[in-house]
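Here's the structure, in structure tokens; my notes come after.
This structure is a prediction, so every number in the text was calculated from the model and none was measured.
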Amino acid sequence: LKNTYYFGTNILNMKAYSHILFLILFVQFNIYAQIISYELVESWSEQEVSQVYSNYSIPESVGQINYSVDGYKVLYYTPDFNGELVICSGAIYLPSGINCQPPVLSWQHGTMAHNYYAPSNIGNTNNDLMGVICAANGYIVTMSDFIGLGEGEGIHNYVHAETEASATIDIIKYGKELASEILGISPNNQLFLFGYSQGGHATMATVKEIEANFSNELEITASAPMAGPYDISESQRLMLESGETYPNPGYLPYVLFAYNKIYNLYDDINEVLKSPYTILEDMYDGTYSMSSINNAMWDIGEEIYGINPNDFSPISIFQDKYYQEYLTNENHPFKLTLLDNDVYNFIPSAPMRLLHCSGDDNVTYDNAEVAYNYFIENDTQNIELIDGGNFDHGECASIAIIGAKLWFDSMAELCDPNSSTHEFNNINKKIVNKIDFLGRDITSENNTKTFIYIYNDGTTKKTAKLNK
């Protein structure tokens, strides 16, 4: 394929090459030992980036357009839950022609069931917004599809903390090396991580894993987990056990089937789910959207069990005997697997900002409060919890994501391609706007404790007003 490059074990498939040549090439490209291929899929000029801002009504304050952007699809090896290497796909967005060392920003995507919506499908999903905007601003942006989505192998390990973290860490490490080769310049040492919904869970899991086991390779500058089920074993579990209606009932069987793959929760699905909900097991193969799965559940509930979709609770899919045993047994295998995937039980050393909206109807705000309280009780420094307001899960996304990006910008070492010296910038820079950390314009500083100055050269300055 044009603009597709292969490394590592793919060379084994080229039978015309000798074993000796393979060894030479393998050593030559040892920095890509786990990268299978990368492909330039789409490029955006600065004008086209500007059009993205316009098409999606993105405020100019989200980031100055300094560069055109190249989006690469990447295939790489990463360990599955059993330690075996599997193929995983992802995306890397690069600021084209950058002449200074850029920081790395890792975006973790939210829940999806169809392969089409994975970040590696560059040019066709909302993940492009994060990649294009942030790369145009001067970041190297990495995104993993996570195992089992996109062009990766197998079924997705949904909200499985260990493999969310390893897949993310691997694309960051390999992506930094790959970016250095393509750009001809190495990234600086700054690393920012953020993600929403499942991506919030994955972000927290990745921070935990990096600080525990990869601090000699990666140093986190700041992270912003957003609206994630960090306390999946209690806060999120109780939300679903309430029996109330739930906007995305397909999330529950997604967890069940993923955890059964990893933890062997049951032998016979018919003992767990009522018929014909058992057909759902075949709908998480990457060819059905979450809306299709939700509709299938609502249709079965209404046509077979007489449950109005407006009254449908996802727990109604369970066999009564199984569900009663689950409720009464604190050591039930399903509960233990949920406990194994809580991600807040550590002490972050890098600054962290939790962003969530108290009106969230998919991931209860309790998750953020439990995590924040745990951190505070254990004397965690540089931790914040920001409530975006009474917005639901979908409405909160843009508020939280913009807020996280602006917060990162206040710390990021981004160069200005239009200026020859920093001295010139300091002499000529002027404040053009003042916003809070959720991207909202500030009309008065009297009631605002923290805000960001935006200057005419695209740089920003974080300001905190101390109480008198």
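The ring pair (Phe, Tyr, Trp, His ring centres under 6.0 Å) search around Tyr374 returns Tyr344, not counting sequence neighbours. With sequence neighbours excluded, the residues satisfying ring pair (Phe, Tyr, Trp, His ring centres under 6.0 Å) with Phe346 are Phe375. Remark: Lys176 engages no residue in a salt bridge (Lys or Arg N to Asp or Glu O under 4.0 Å) (not counting sequence neighbours). With sequence neighbours excluded, the residues satisfying ring pair (Phe, Tyr, Trp, His ring centres under 6.0 Å) with His356 are Tyr365. In terms of the salt bridge (Lys or Arg N to Asp or Glu O under 4.0 Å) criterion, residue partners of Glu151 (sequence neighbours excluded) are, by chain and number, Lys73. Residues forming a side-chain hydrogen bond (donor to acceptor under 3.5 Å, both in side chains) with Ser291 (at least two apart in sequence, or on another chain): Ser289. When the side-chain hydrogen bond (donor to acceptor under 3.5 Å, both in side chains) test is applied to Ser223, no partner is found at least two apart in sequence or on another chain. Remark: Lys405 pairs with Asp409 by the salt bridge (Lys or Arg N to Asp or Glu O under 4.0 Å) rule, at least two apart or across chains.
Sorted pairs that involve residues 130-188 and meet disulfide bond (SG atoms under 2.5 Å apart), not counting sequence neighbours, are lacking altogether. Residue pairs satisfying the disulfide bond (SG atoms under 2.5 Å apart) criterion with at least one member in residues 148-231, sequence neighbours excluded, are absent. Applying the disulfide bond (SG atoms under 2.5 Å apart) test to every pair with at least one member in residues 74-132, sequence neighbours left out, gives these pairs: Cys100-Cys415.
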Output side-chain donor-acceptor pairs under 3.5 Å for residues 278-286, partner residues at least two apart or in another chain, one line each.
{"unit_1": "Glu281", "atom_1": "OE2", "unit_2": "Tyr266", "atom_2": "OH", "d": "3.3"}
{"unit_1": "Tyr284", "atom_1": "OH", "unit_2": "Gly250", "atom_2": "O", "d": "2.6"}
{"unit_1": "Asp285", "atom_1": "OD1", "unit_2": "Thr287", "atom_2": "N", "d": "3.1"}
{"unit_1": "Asp285", "atom_1": "OD1", "unit_2": "Thr287", "atom_2": "OG1", "d": "2.6"}
{"unit_1": "Asp285", "atom_1": "OD2", "unit_2": "Thr287", "atom_2": "OG1", "d": "3.3"}

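The environment of Glu217 atom CD is dense: over 12 non-hydrogen atoms of other residues, nucleotides or ligands sit within 6.0 angstrom.
The backbone N or O of Gln64 sits less than 3.5 Å from a side-chain atom of Asn137, completing a donor-acceptor pair.
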